[in-house]
Amino acid sequence: MSAFSELYSEIAQCTDCGLARTRTRVVPGEGPEDADILFVGEAPGWHEDQQGRPFVGPAGHFLEELLHSIGLRRDQVYIANVIKCRPPTNRDPLPSELMACRKWLDQQIELIQPRMIVTLGRYSLAQFSPGLTMGKAHGTARKKDGTILFAMYHPAAALHQQSLRKTIQEDMLKIPLLLTQAEQVEEVKEEDKPQQLSMF
Ligand code: SF4
């Protein structure tokens, strides 16, 4: 069994927080094991919980549209969430749930070793860049331990707030340039302040 298969199997059996009691299926994530880009959303919704796959509802369709705008298909990137089981009624994840689940995403990152991690939404942003607000951080990149961190609004935000659609589309278009000019993205140390982000 490959390291990935073993990890999926462990995640599927996880009961480390209360969401294990209400989920239909665990949603570990999917994509190539050597993907250059890892997209990290918040948590599974109803559709994802039913199918055991990330981003398969309306927000997922918009994400696929966004990927298409930069010449990518969803099977060319890795897609995951910070929380692997659906919070009831799609409520916000609790701090204890985020803490309990973080180990799985960390292990996925360790195996994939992506060149870029795209955080989708504030919960994902907070996991990688605590202290940054989405309003200021979206569309900006920083590098941490050699990996580019790029912040975007969650695609679902465009479904609830049409005015964000163009912003999300414009931010997505920055990704190819960031990958080709990765060496220009500034490495930010933990002690650096949020305003020292490299702006793209
Ligand atoms: S949300 Fe994460 S920590 Fe909680 S049961 Fe599911 S996999 Fe385990």
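Counting starts at 1 for both ligands and their atoms, in listed order.
- The main-chain N or O of V56 is found under 3.5 Å from a side-chain atom of E48 such that the two form a donor-acceptor pair.
- Applying the ring-ring contact (aromatic ring centres under 6.0 Å, His included) rule to pairs touching residues 45-64 yields F55-H154, sequence neighbours excluded.
- Only protein N, O or S atoms were considered, and those under 2.8 Å from atom 2 (Fe) of ligand 1 are C101 SG.
- Less than 4.0 angstrom separates some heavy atom of R23 from each of these atoms of ligand 1: 5 (S), 6 (Fe).
- V82 and M99 end up in different hydrophobic clusters when Ile, Leu, Val, Met, Phe, Trp and Tyr side chains are linked at under 4.5 Å.
- Residues forming a salt bridge (charged side-chain N to carboxylate O under 4.0 Å, His left out) with R122 (at least two apart in sequence, or on another chain): D92.
- Under the side-chain contact (heavy atoms from CB on, under 4.5 Å) criterion, S9 pairs with Q13, not counting sequence neighbours.
- Of all heavy-atom pairs between G135 and H138, the closest is O-CD2, 3.2 Å.
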